[in-house]
Each structure stands twice: as structure tokens, then as C-alpha cells.
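Here is the naming used below: chain letters follow the sequence lines, and residue numbers restart at 1 for every chain.
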Number of protein chains: 2
Amino acid sequence: MPSSPRPSPPPPPTSSAAPGREALSRERVVAAAVAIADADGLGAVTMRRVAADLHCEAMSLYHHVPSKDALLAALADEVLRQVAQATAAVTASSWDDAVRRRCLAARDVMLRHPWAPGLVAAQTTSPPSVWPVYEQLVGTLTEAGFDDDLAHRAIHALGSMLLGFSRELFESDGDTLAPDPGETAVGENLPNLARMAASVVHETDGALSVCDTRAEFEFTLDLVLSGLDRHRLARSGA
Amino acid sequence: MPSSPRPSPPPPPTSSAAPGREALSRERVVAAAVAIADADGLGAVTMRRVAADLHCEAMSLYHHVPSKDALLAALADEVLRQVAQATAAVTASSWDDAVRRRCLAARDVMLRHPWAPGLVAAQTTSPPSVWPVYEQLVGTLTEAGFDDDLAHRAIHALGSMLLGFSRELFESDGDTLAPDPGETAVGENLPNLARMAASVVHETDGALSVCDTRAEFEFTLDLVLSGLDRHRLARSGA
DNA sequence: ACCTGAACACCGTTCAAGT
DNA sequence: ACCTGAACACCGTTCAAGT
């Protein structure tokens, strides 16, 4: 075996030449970028700055991340992973209490990363960590008696409450709510989401196409408006 | 007295030396930037690119816009001006129909400028063009019998539906819904908003501070959840 | 006053070269 | 294989100089 300056039999984390520096990895790069964004804002996340914080050169990062856009996408995914973890831990006796606590838990995560909602909204393709969040939500709604169509509308209506952005409400092209089937065995890992997506796609009664964002927008809008009207009536009656 | 917006007697647009080129102005700079963003995305909006489209040099822009950030803020304000114009034209017989049509009109504007919701959300200070939109909304709600507190909650709940973003829902520090009093004679131009802001600020029954974003978030959330529950019951009953 | 050329201090990224 | 120095093509912005 080649003579190494650190032939330590139980090599801790690094087997590289440099003794002081820990080996670079995608996780360390992402973690450093998150720390920078938290401390100095998303604008401070620069390839050169991330590299400096990791005590390496900017070009070294390209061995673990294909581009800066990919790094930003990884940041968005990392935050959604935290959201998924926070919401997965929530338990409640009723479906609405469960959803309510999960939205508040997601909000807590976003408040710790104020740059996250904007970054998540800017992603052109859905970060994979969002699917478990939706899967759990659809599962809860289905158990509570929601049919697939109503669960689908609920996901759209609750999207901005869960993720802090409402991008999908303002999109014109649909198919937002369907995870890539080839990605990771959707049918196995995301059974509720897969069933709902298939059910909604086959819906052709005219009210809903694949993802009619105009219809989803109006549904959420009517939810809010009718709720406000009930508050108005309750107050004027008292 | 109606002071005409164009008191200029005859001189066409340009009195400068260059004959072919029209004189630069803040309006032309902003318009060029909007056109670039519409055509090639917000990332294409570059001082050098805007200047090239106006057939001048990048540094000339700084005579009409103090910085690129200021230019982007002007872009956000321009889109909200279009929203204000679109919503101001809406008439309806009931308050909820009026609000509903205004939200849809705002959405139409945003769909024509897909970069706008994100840019508006990124603004750290509220673009002034948003105040007329809120003023009209509060006026409509007040006429319909909303008290100031409920109108205030309604504005928060409808914010993302009107503007395509939900930034305020995820903010931790309040006072979002109070226009700068010194800016433009709030009491005169924004009477409903001024009254509501004053009323809500004085509220101290514990339920609401100046702008308790956590409380606003929960209010909107409960609006959506209870609305979904009514849909669930209606469908299971049928 | 309004506009401009050159220059400065940054970016993301490529590439050939190191180990 | 992983890392790096130098270099390229861009940024936003300053400044002294033009008209």
C-alpha cells in the first residue's frame, strides 16, 4: 500500500493527503451553502464564498455539484427535507388538526430559513423532498373520507400554507402534481399520491383537466371568500 | 384643478443633440426592462442588456435609476400598477363577486409576467402601487359590513390570491399592512386603509398585535380547513 | 444636464495541469 | 479520483472626462 502521511488503521473520515481538512462531499457543500444563506442571505451564496468556508477553491465544488443552479436546487431540496421531517413527526386525533399542525411546523422551518420560500418557488422542477410531504397529506385526507378529487384540490389549496409560496396557483401549464414515475418507484413509496394522480388524470367530466390551475385558483379563492362571508355573518349577528 | 400631466407645449420628446435616438427617461428604462423580462426572463435583465436595447451605454441608465436593485423594484411596482388598473375597472353587484373578479384580474396580469410574483415577493419594502389595490379592497369589504379587524384578516388571507405570493404569511416581524404615512397623504388618498390600520393598531385584547403574522397564518389556515371540511361533508352526504 | 469610455472588483465556469 | 491555478466571458458600479 502506498505510503500515506496518515496510514491510521481506523481512518476517521478522511484519507486524503491534507491532514487538517475534511474530505469534500456533496453534503458538506450543501450544508455550507445553507449556513451562508442563513447568515448572510441567498445573495451571499457564491461558489467562491462556499469554497472559502470549506477551505478549498471554487473549482473544487464542481466535483460534487454540477453547477451553481444545481447547488441552489439542492438548497431548496434540503429545506423541504427538513419540512418533511418536521411534518412527519406530527400526530393528532382529527384530520384537520393534523394538517393544521403540519402547516405550522412547515412554517416554523421556513421562518428559520427566510430565503427558502422564494428559492423553492423559483425551482422549475419540483424538489423530490416535496413528495413525501404530499404523500402523507393525501394519506391523511383519504383516511378522513376525502375522495381523490377533493384531496387533489386540497393539496393545491394548502400548497402555499405548507410551502410558503403559491407558485402553482399562477402557473398556466398543468401536470404540477405528478411525481416523475420513473424516479423512485412511485407506486411503492408514494401509494396515495400515485392513486390520486391516476384518478385525477382520468377525470374528464369537464370540470378538471390534468391540472387546471385556473380551476384550482378559483376553488381556493371560493374557499377563502365563503369562509370570510361566514365570519361576516357571525359578527353581524352577534 | 386638473393640472395636465403633459404641460410641455410643443417640443416633441427629444431636444437633445442626437437626432435618431429618443431621450432616455425612467419610464423608458423600466419599459425596456419589462420587455426583456417578459421575453427572456428576469435573469436576462442586465444593465448592459437594457442599455443595449435602448441603444445607449450601461452607465447612462444610472442617470435615471440609482441602481439595479432600484430598477428591479421599479419593475415590481410597474406590474402592481397594472394590477391596480385591472382591479380598479372591476364592478360587481356583491362584495364577494367583486373580490373574486379582482383576484382573477390580478392573476391575469401576473400570468402575462411570470417573473412578477417572485420579484414582488422579494421586495423588502412594499411597492407603493400596492396600496390602491388594498384601499379598494378594504372599501368594498367595509361597505359589505366587515369591521376593521375582519377586513384586516381578509386582506392577509387574500394577499396571495391577489398578488401571487404569500410572503407576508411567512414573515415574523409585523407592521406589513401600514403604508408609510409620510409618503403621500395617506389619510386623503387611502382613507379606508388609514382608518383600518389605526383601528387594528389600537387593538389590544390579546388576539392581535400590530400584525401578528402567526395569527394571520392560522386564520387563513382555518378558513381553508373549515371550507374543505364542508366540502367533505357535502360529498359524503350525497 | 446628460451621456460615455475605461477601469475595478467581482461573478460562474472551462481547461489543462498537478497529485 | 480529486483538487487547483490561470484564464475567459461576463456582471454592477465608480470616476474622470466629454458634450
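Every residue two or more places apart in sequence or in another chain that forms a side chain to side chain contact (heavy atoms under 4.5 Å, CB included) with A:Glu57 is listed here: A:Met59, A:Ser60. By the salt bridge (charged side-chain N to carboxylate O under 4.0 Å, His left out) test, A:Arg101 is found to be paired with A:Asp97, residues two or more places apart in sequence or in another chain being considered. For B:Tyr62, the side chain to side chain contact (heavy atoms under 4.5 Å, CB included) criterion is met by B:Met47, not counting sequence neighbours. Under the side-chain hydrogen bond (donor to acceptor under 3.5 Å, both in side chains) criterion, B:Thr140 pairs with B:Arg102, sequence neighbours left out. Evaluation of the side chain to side chain contact (heavy atoms under 4.5 Å, CB included) rule for A:Ala84 yields A:Val133 as partners, not counting sequence neighbours. Under the rule for a side chain to side chain contact (heavy atoms under 4.5 Å, CB included), the partners of B:Glu135 that lie at least two apart in sequence or sit in another chain are B:Leu190, B:Pro191, B:Asn192, B:Leu193.
Listed nucleotides: D:dT4, C:dT4, D:dC3. Nearest to the side chain of A:Glu57: D:dT4.
Secondary-structure stems of DNA chain D, taken as three or more successive Watson-Crick or G-U wobble pairs (i with j, i+1 with j-1) under a 3.5 Å distance threshold, comprise C:4-8 with D:12-16, C:12-16 with D:4-8.
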Could you go through residues 70-78 of chain A and list every donor-acceptor pair under 3.5 Å that involves a side-chain atom there, pairing it with any protein atom two or more places apart or in another chain?
from: A:Asp77; atom 1: OD1; to: A:Ser129; atom 2: N; distance (Å): 2.9
from: A:Asp77; atom 1: OD1; to: A:Ser129; atom 2: OG; distance (Å): 2.9
from: A:Asp77; atom 1: OD2; to: A:Arg81; atom 2: NH2; distance (Å): 3.1
from: A:Asp77; atom 1: OD2; to: A:Ser129; atom 2: OG; distance (Å): 3.2
from: A:Glu78; atom 1: OE2; to: A:Gln82; atom 2: NE2; distance (Å): 3.2

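Going from atom CZ of B:Arg26 over to atom C1' of C:dC3 covers 19 Å, rounded to whole Å. Between B:His64 atom NE2 and C:dA1 atom P there is a gap of 13 Å when expressed in whole angstrom units.
For the pair B:Phe217/A:Arg107, a side-chain contact is recorded, criterion being any heavy-atom separation below 4.5 Å from C-beta on.
Within a heavy-atom distance below 4.0 Å of DNA chain C, no residue of residues 35-43 of chain B is found.
Screening residues 33-47 of chain A for salt bridge (Lys or Arg N to Asp or Glu O under 4.0 Å) gives A:Asp40-A:Arg49 as the qualifying pairs, with residues at least two apart or on separate chains. The list of ring-ring contact (aromatic ring centres under 6.0 Å, His included) pairs with a residue in residues 109-129 of chain A, not counting sequence neighbours, reads A:His113-A:Trp115.
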(request) Quick one, give me the B/S/- string for nucleotides 7-13 of chain D, reading 5' to 3', where B means a protein heavy atom under 4.0 Å from the base and S means that only happens at the primed atoms, P, OP1 or OP2. (result) B---BBB
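Residue side chain B:His63 reaches the base of C:dC3 through a donor-acceptor N/O pair under 3.5 Å, judged by distance alone.
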